[in-house]
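Residue numbers start from 1 in every chain, and the chains themselves are labelled A, B, ... in the order their sequence lines are given, proteins ahead of strands.
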Amino acid sequence: MPPKHRKIATTTPGKDPRIGVFVCHCGLNIGGTVDVDKVAEYAASLPGVVFSAANLYTCSQPGQEEIKKAIVEQGLNRVVVASCSPRLHEPTFRKACAEAGLNPYLFEMANIREHCSWVHLHDPEAATMKAMDLVGMAVARARLLEPQKEITVPVTKSALVIGGGVAGIQASLDLADSGFKVYLVERSASIGGHMAQIDKTFPTMDCSICILAPKMAEAGRHPNIELLTMSEVEHVDGYVGNFTVKVRKRPRFVSDECTACGDCTHDCPQIAPDEFNAGLSTRKAIYIPFAQAVPSTYVIDLDLCLNKEGIMACDKCLQACKARCIQFSQKEETLQLQVGTIIVATGVDVYDPTSLTEYGYRRFPNVITSLEFERLINAGGPSQGNLIRPYDQTVPKKVAFLQCIGSRSTRSNKYCSNICCMNTIKDSLLIKEHWPETEIKVFYIDIRAFGKGFEDLYRRSRREGVEFIRGIPGEIIEDPETRDLILIGENMLLGEWYKYQVDMVILSVGIEPRHDSRRLQQILNLSTGQDGFYLEAHPKLRPVDTASSGIFLAGCAEGPKDVKDSVTQASAAAARAGILMSRGEVTIEAITARVDPEICTGCGMCIKVCPYHSIYKDEETGVARVVEASCAGCGTCAAECQFGAIKMLHFSDEQIYAQIDSATDNEPEKKIVSFCCNWCSYAGADFAGVSRIQYPPSARIIRTMCSGRVSPGFVRYAFARGAGAVLVSGCHPADCHYINANMQTEKRIRRIHKEMRRNGLNPERLQLAWVSAAEGQRFASIMEKMADFLKRVSPEEIRKTKEVYRKYLGEEAAQ
Amino acid sequence: MTVQKVWSLFDRSQLYECYECSKCSGSCPVTLAGDFLGPRKILLKCLQHGSGRVIRDPLLWYCTTCQVCQDRCPQEINIPELLTGLRNKAAKIGNIPERVKFTVEKIAKTGRSVLGFKVERERKRYNLPPVVEISKEEISKILAETGFFKDLKIDH
């Protein structure tokens with residue numbers, strides 16, 4: 001149903017706007033493609049613009065000073081900067097405006113770098129035209145901007161750290177030492193993570209558990225740290241500074257009074273492979289993960305234990321325990337925590353090379369992974385530190401390492417796992433240290449010894465006589481008699497074929513995102529990159545922040561890294577979280593919904609679609625009301641309201657209509673009016689720019705906070721104005737930053753598609769696309785496809801569409 | 001015989017994915033038997049020298065197109081397709097072994113790659129019906145259209 005009547009932007013300019021436009025050269029980044037002076041000249045001609053200038057670097061100190069000067073001297077009451085993405089520099093310029101006494105919400109940005117100059121490098125003319133359009137749209141919106149007041153909310157002075165590996169431990173200790181309460185949630189029975197499993201660390205050859213155990217113990221007894229092992233985060237609610245976290249704590253069945261004497265284990269009849277030793281030894285149903293485990297409490301694996309569902313079939317451990325700490329009555333608990341910040345340090349899984357059948361892992365007993373090697377060479381491991389062949393427990397004389405297993409391949413993980421080269425070099429030295437006569441061959445593609453002290457270790461390894469052979473074996477054949485392994489391949493540097501017989505092969509396996517990382521991604525509304533690791537807010541300047549305010553990343557959850565980098569990042573994440581918590585309050589963007597009680601009919605549609613349940617019906621007046629503190633500002637309510645009763649602050653209908661107007665002023669049939677959500681698709685378009693992926697210059701992007709903000713009216717209006725095509729894009733369905741607001745988008749688009757079909761229009765002209773922040777390539781190919789489609793849209797079709805949607809132009813225009 | 005022409009038979013951009021791990025050559029069953037260059041070297045020579053020299057190498061015909069190189073390639077490069085393209089070019093400049101030429105001539109003339117009377121004899125032994133007659137003219141026509149006879153300098 002069409003709205004009764006909506007005010008049309010062009011006919012209602014804001015109160016006497018005095019707009020200043022600053023067009024940035026950004027060195028050659030923009031100036032190299034776009035004719036900046038021409039754009040600045042064009043801006044000066046736009047209604048309401050009283051000042052226009054081109055700067056070399058607007059974001060520089062002199063550039064900002066110029067803005068401030070112009071605000072004061074020219075009496076500007078709106079500022080438009082045409083430069084890079086607002087996701088990068090909007091805060092910078094907002095601050096500059098505020099310093100000159102202008103409300104920061106009276107500032108608007110035109111993205112002529114990521115969305116224009118960088119993606120149309122080879123077509124300066126079209127890029128300049130597009131830049132002019134983008135500036136025009138920004139100015140049109142700026143005219144209607146209104147000052148807003150930001151609200152501040154208190155920040156709870158406690159943090160949640162998810163994952164008890166070395167990164168999680170470090171982040172917890174740093175925060176706890178700064179005086180904040182920390183909940184350290186670990187899903188296994190002990191903290192320590194993968195580092196606890198490793199024998200030595202590179203490049204210093206420190207004993208891994210020896211340097212980790214003191215930190216683990218400290219985390220275990222720190223008064224500010226509440227250690228929650230056997231626990232997983234179930235649900236997170238709220239926003240920066242005020243998260244409510246639900247944690248599910250599985251029972252351990254052994255109380256804290258456990259003295260870790262081990263009598264229970266001795267008597268337990270049930271046996272299973274020991275996870276900590278990578279399955280190379282066994283453990284009992286009641287066990288402690290490893291000697292240095294924190295908490296130093298035994299745990300019962302109920303899947304293995306004979307006592308199931310309350311039926312006691314065996315009481316050997318109960319009999320053996322003198323301290324009486326075994327409690328089969330323990331139940332699963334759900335804890336509710338209030339925290340201000342969250343640090344995600346969930347780590348990685350190790351690549352399983354079974355699928356690479358040519359190497360025979362799991363078929364040939366003497367082919368092992370580097371993690372299994374770590375347990376074999378470790379003094380606390382299943383062989384007490386003796387390197388032995390799993391098949392016959394003899395010490396191997398010839399050992400081969402194979403590099404890049406599960407890394408740098410489209411068949412497994414495309415990225416380099418960062419750690420395997422140095423790990424192998426370290427392992428080769430460990431073997432040489434204990435058994436100097438061992439022949440060691442390392443088959444590699446490239447050795448990446450990039451870090452501090454790494455090259456020295458590599459040199460040491462070569463001097464010890466470790467052979468480095470360039471060329472990965474094509475396959476491994478097992479001698480069925482001796483169980484020796486034969487490696488066949490090409491020695492690239494000699495240009496010869498080799499066939500080596502070795503006693504043991506170690507596959508240097510890579511690391512990959514946790515198999516269930518998607519679950520936490522959805523709980524916390526995180527984004528992931530193409531490789532599946534959690535995405536940082538900015539790859540260079542905000543490497544530990546996430547796009548969700550108040551949530552930080554540490555360790556391998558963000559990408560493969562060694563112990564040192566994990567610890568560095570953990571401290572960085574702790575510092576970032578600490579800043580928020582020590583300040584004690586945080587300002588929240590003033591982008592919220594407001595209901596006009598005069599227009600609201602109390603139909604309740606907005607209440608139904610609000611993902612945050614922030615709208616309720618005021619029983620007294622019978623109209624809807626918004627709880628501003630919990631409104632996240634997605635705008636799906638405003639898009640749903642048929643009566644135009646809901647106003648989204650800073651993303652009002654008028655402002656968006658004005659942008660559409662401006663975008664479709666010239667040659668609208670050649671334009672794609674594109675609505676992109678701030679978190680995913682706008683960022684995806686930015687990413688296409690940063691990666692310099694070229695696509696046709698037909699898109700005119702209008703930023704909304706969520707694709708749910710796009711009301712059907714916008715789409716109809718764009719068509720009525722003669723737009724060639726319309727694109728609505730948002731986050732992938734499960735990744736919506738406003739819980740599930742983009743589900744409403746999908747419903748609305750489907751409705752318009754139906755409507756278009758009914759009116760004999762080609763529904764293909766309205767596209768809905770999900771583009772994540774990492775999918776620049778995808779965004780470009782969508783643009784490519786749509787631009788291609790645009791060529792086939794006939795003027796006749798455009799005319800017909802305009803006719804069908806004519807009534808949506810508003811009263812004045814329709815006359 | 002320009003380099004350009006070989007690339008027209010193959011998506012060149014794929015080859016740039018190669019980072020020289022040599023897993024293909026390590027997997028190639030032919031490399032152990034003789035002086036065959038191996039998939040990796042052929043690919044690299046094509047990229048850096050052009051295919052001119054590669055297609056003159058008679059050992060190019062050692063490849064059995066078993067496709068193990070592609071199966072194991074970490075970058076999933078379609079190496080057999082490159083080999084096929086190269087061999088098409090090689091045949092055109094006369095680099096084709098007599099045995100292979102004999103077989104293709106056989107196809108041109110009889111529509112089959114194997115000797116007919118031997119097949120018939122075997123089929124008879126297992127009480128199978130005789131092989132269906134093929135229209136040689138049709139095959140000849142198709143091959144003539146594709147420039148097969150002209151390229152391989154075969155009279156028909």
Is any side-chain heavy atom of Leu487(A) less than 4.5 Å from a side-chain heavy atom of Lys499(A)?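 When only atoms from C-beta onward are counted, Lys499(A) and Leu487(A) do not touch, as no gap falls below 4.5 Å.
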Does [X] pair with [Y] as a salt bridge, N-O distance under 4.0 Å?
{"X": "Glu120(B)", "Y": "Lys118(B)", "value": "no"}
{"X": "Lys397(A)", "Y": "Asp503(A)", "value": "no"}
{"X": "Lys101(B)", "Y": "Glu98(B)", "value": "no"}

Pick from Glu358(A), Lys414(A), Arg470(A) with the largest number of heavy-atom pairs that fall under 4.5 Å of chain B: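 Top count of heavy-atom pairs under 4.5 Å with chain B: Glu358(A).
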Could you list which of residues 359-373 of chain A have a heavy atom closer than 4.5 Å to any heavy atom of chain B, in residue-number order?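 If one takes a 4.5 Å heavy-atom cut-off, the residues of residues 359-373 of chain A near chain B are Tyr359(A).
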Using a heavy-atom cutoff of under 4.5 Å, enumerate the residues of residues 401-413 of chain A that contact chain B, numbered in order, or state 'none'.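 Those residues of residues 401-413 of chain A which have a heavy atom under 4.5 Å from chain B are Ser407(A), Arg408(A), Ser409(A), Thr410(A), Arg411(A).
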Tell me whether [X] contacts the main-chain N or O of [Y] through its side chain, where contact means a donor paired with an acceptor under 3.5 Å.
{"X": "Asp352(A)", "Y": "Thr354(A)", "value": "yes"}
{"X": "Arg692(A)", "Y": "Trp118(A)", "value": "no"}
{"X": "Glu512(A)", "Y": "Asp349(A)", "value": "no"}

Take Thr31(B) and Ser25(B) through the test side-chain hydrogen bond (donor to acceptor under 3.5 Å, both in side chains) and record every step on the way to the result. CA-CA 7 Å; Thr31(B) 52; Ser25(B) 286; over 6 Å; no
Engaged part of Leu37(B) at the chain A interface, taking heavy atoms whose separation is under 4.5 Å: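 Just its backbone gets close to chain A.
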Tell me the residues of residues 58-74 of chain B whose non-hydrogen atoms fall below 4.5 Å from those of chain A, in number order.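 Counting heavy atoms that sit under 4.5 Å from chain A, the residues of residues 58-74 of chain B involved are Gln70(B), Asp71(B), Arg72(B), Cys73(B), Pro74(B).
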Measure from NZ or CZ of Arg462(A) to the centre of the six-membered ring of Tyr458(A), then state whether that distance is under 6.0 Å and the direction lies within 45° of the axis.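 Yes, cation above the ring, under 6.0 Å and within 45°.
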Parallel, tilted or perpendicular, as decided by the 30° and 60° cut-offs, for the rings of Phe443(A) and Tyr500(A):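 If you compare the ring of Tyr500(A) with that of Phe443(A), the planes turn out tilted.
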In terms of the angle between their ring planes, are Phe454(A) and Phe450(A) parallel, tilted or perpendicular, with boundaries placed at 30° and 60°?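 Perpendicular: the ring planes of Phe454(A) and Phe450(A) meet at over 60°.
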Could you pull out all residues at least two apart from Arg389(A) that satisfy salt bridge (Lys or Arg N to Asp or Glu O under 4.0 Å)?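 Once residues adjacent in sequence are excluded, the partners of Arg389(A) under the salt bridge (Lys or Arg N to Asp or Glu O under 4.0 Å) criterion are Asp392(A), Asp484(A).
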As a quick check of understanding, evaluate side-chain contact (heavy atoms from CB on, under 4.5 Å) for Leu121(A) and Gln694(A), giving each step before the final call. CA-CA 7 Å; Leu121(A) 285 172; Gln694(A) 305 294 304; 3.4 Å; yes
Using the rule given for side-chain hydrogen bond (donor to acceptor under 3.5 Å, both in side chains), can you reason through Ser22(B) versus Glu490(A), listing the C-alpha separation, both sets of side-chain angles and the distance that settles it, and then say yes or no? CA-CA 6 Å; Ser22(B) 204; Glu490(A) 184 195 19; 2.3 Å; yes
